[in-house]
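Structure first, commentary second.
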Amino acid sequence: MSQFFNKTINVKLVTSCVVGLLLFLTPLASANFRPGDRKPASDYTRSGGSRGCPKSDNQIPLTLLAPKTYIGYTASTRPTFAGYVSSSHEIEFQIFEFVSNNTVTALSNPIKQNTSPGIFQVSLPESYPKLTVGKKYFWQVAISCPGDDLVERAEFMVVEIPSTIENKLLATDNGLQKSNTYAAANLWYEALAEALKSASPGKLGQVGSNLVQEFAKYESARLKDNEELVKKRIANLQTIANQEK
């Protein structure tokens, strides 16, 4: 009887270990970002291209890690924003709200932040006005360059998070599983923010790298507009994803 009991325990332990290992590996396997609703961005964010303040022509310019040719989504009223710089800069971050299709207004004064080469993040302080569900915005990063200022923008909308997604998020404490849950729900900003929590400072980490490679595919949604600029941005995103793991 005791031998049978021990065998049963051993089988259960092995099964439990295998299942646990599979659950641990699954979030690392892929990033499931699939933006089904890709509304084109306005001319505020779609036009223009990154010149950067590079020390050489081979450096990647300032690149925002968010959709630019179409509207990204967040369910947070205080999302985290991320981008890439090849060299150290002081950046000025600001959010603008669309009052109408042709009119925007700044929510607050710019946030100044020093960045090091690699991935940078900007989190909204408590003093910054909360965003409103249902409204459209764009975020802007500006860098002062000799003779000119560089400005990059990305458009986004704040949406209600589906209850099914909330339930999935409440069911796990695993950041990687949360990132994939957000990504599958087309909530880009939350998906990347969760992925970056497990990455080294200034890096994307493997999950973040997978996410950037996934979303880069969809930047070609408006390839006919400024085709060469969009192609260059896609190439830059893919390079960043590979070198900043």
Side-chain angles (χ1 to χ4, degrees), residues 33 35-53 61-85 89 91-113 120-125 127-145 147-161 185-193 215-234 236-237:
F33 183 63
D37 183 10
R38 284 176 282 159
K39 295 181 180 178
S42 69
D43 288 336
Y44 279 102
T45 55
R46 194 170 63 234
S47 59
S50 292
R51 299 175 307 282
C53 302
L62 167 66
T63 302
L64 305 188
L65 300 183
K68 279 179 62 68
T69 59
Y70 59 96
I71 301 172
Y73 291 102
T74 178
S76 174
T77 57
R78 293 188 184 278
T80 297
F81 304 86
Y84 170 87
V85 288
H89 291 288
I91 63 171
E92 286 194 356
F93 171 91
Q94 201 165 12
I95 294 179
F96 294 81
E97 178 185 330
F98 281 88
V99 179
S100 67
N101 289 334
N102 301 314
T103 308
V104 298
T105 183
L107 287 189
S108 184
N109 293 327
I111 296 173
K112 294 185 178 183
Q113 179 174 310
F120 67 85
Q121 298 182 67
V122 180
S123 299
L124 300 184
S127 59
Y128 209 90
K130 280 189 176 182
L131 307 183
T132 304
V133 173
K135 289 191 175 182
K136 186 171 67 171
Y137 305 86
F138 69 77
W139 59 288
Q140 170 180 293
V141 174
I143 296 176
S144 295
C145 303
D148 194 10
D149 288 341
L150 166 66
V151 178
E152 280 292 291
R153 297 165 175 163
E155 205 165 308
F156 69 99
M157 181 175 285
V158 183
V159 297
E160 288 279 3
I161 188 169
N186 192 15
L187 296 172
W188 169 256
Y189 290 88
E190 284 79 4
L192 184 59
F215 110 84
K217 299 176 184 177
Y218 299 98
E219 278 290 74
S220 60
R222 300 277 297 186
L223 199 57
K224 61 183 179 180
D225 294 347
N226 298 311
E227 184 170 356
E228 290 305 315
L229 292 175
V230 175
K231 284 183 177 180
K232 182 63 176 175
R233 171 171 161 79
I234 293 171
N236 287 339
L237 286 168

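These numbers come from the heavy atoms of this one structure, side chains and all, not from hydrogens, waters or symmetry mates.
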Taking the side chain from [X] and the backbone from [Y], do they hold a donor-acceptor pair closer than 3.5 Å?
{"X": "Q140", "Y": "E152", "result": "no"}
{"X": "R78", "Y": "P125", "result": "yes"}
{"X": "Q113", "Y": "Q121", "result": "yes"}
{"X": "T132", "Y": "K135", "result": "no"}

Determine whether [X] and [Y] make a side-chain contact, defined as any pair of heavy atoms from C-beta on separated by less than 4.5 Å.
{"X": "V85", "Y": "F120", "result": "yes"}
{"X": "L187", "Y": "T74", "result": "no"}
{"X": "L107", "Y": "Y137", "result": "yes"}

Quiz item: When you look at V151 and V141, which way does the side chain to side chain contact (heavy atoms under 4.5 Å, CB included) test go after all the steps?
Solution: CA-CA 6 Å; V151 178; V141 174; over 6 Å; no
Quiz item: Angle class for the Y128/F93 ring planes (parallel below 30°, perpendicular above 60°, tilted otherwise)?
Solution: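 Ring orientation, 0 to 90° scale: tilted.
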What pair of heavy atoms forms the shortest contact from [X] to [Y], and how long is it?
{"X": "Y189", "Y": "P79", "value": "CB-CB, 4.5 Å"}
{"X": "A75", "Y": "E190", "value": "N-OE2, 2.9 Å"}
{"X": "S76", "Y": "L131", "value": "O-CD1, 4.5 Å"}
{"X": "L64", "Y": "A154", "value": "CD1-N, 3.8 Å"}
{"X": "V230", "Y": "E219", "value": "CG1-O, 3.5 Å"}
{"X": "A82", "Y": "L192", "value": "CB-CD2, 3.9 Å"}

Exercise. Output, in order, the C-alpha distance, side-chain angles, deciding distance and verdict of side chain to side chain contact (heavy atoms under 4.5 Å, CB included) for T105 and F96.
Key: CA-CA 5 Å; T105 183; F96 294 81; over 6 Å; no
Interatomic distance, [X] atom [atom1] to [Y] atom [atom2] [nearest 0.5 angstrom]:
{"X": "I111", "Y": "I91", "atom1": "CD1", "atom2": "CD1", "answer": "9.0 Å"}
{"X": "M157", "Y": "Y73", "atom1": "CE", "atom2": "OH", "answer": "6.0 Å"}
{"X": "F138", "Y": "S42", "atom1": "CZ", "atom2": "OG", "answer": "7.5 Å"}
{"X": "N109", "Y": "E92", "atom1": "CG", "atom2": "CD", "answer": "10.0 Å"}
{"X": "Q94", "Y": "R153", "atom1": "CD", "atom2": "CZ", "answer": "9.5 Å"}
{"X": "L150", "Y": "I143", "atom1": "CG", "atom2": "CD1", "answer": "5.5 Å"}

Exercise. Go through L237 and T63 one step at a time and tell me if the side chain to side chain contact (heavy atoms under 4.5 Å, CB included) criterion holds.
Key: CA-CA 8 Å; L237 286 168; T63 302; 3.7 Å; yes
Quiz item: Do F81 and F156 make the cut of ring centroids closer than 6.0 angstrom?
Solution: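 Close enough - the centres of the two rings lie under 6.0 Å apart.
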Self-check item: salt bridge (charged side-chain N to carboxylate O under 4.0 Å, His left out) against K130, all qualifying residues, sequence neighbours excluded
Solution: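 For K130 there are no salt bridge (charged side-chain N to carboxylate O under 4.0 Å, His left out) partners, ignoring immediate neighbours.
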Self-check item: salt_bridge(K68, E155) N-O dist < 4.0 Å
Solution: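 Looking at E155 together with K68, the answer is no, because their closest N to O distance does not fall below 4.0 Å.
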Quiz item: So F33 and W188, ring pair (Phe, Tyr, Trp, His ring centres under 6.0 Å) or not? Walk me through it.
Solution: CA-CA 8 Å; F33 183 63; W188 169 256; 5.0 Å; yes
Exercise. Test side chain to side chain contact (heavy atoms under 4.5 Å, CB included) on T77 and L124 and set out the steps.
Key: CA-CA 9 Å; T77 57; L124 300 184; over 6 Å; no
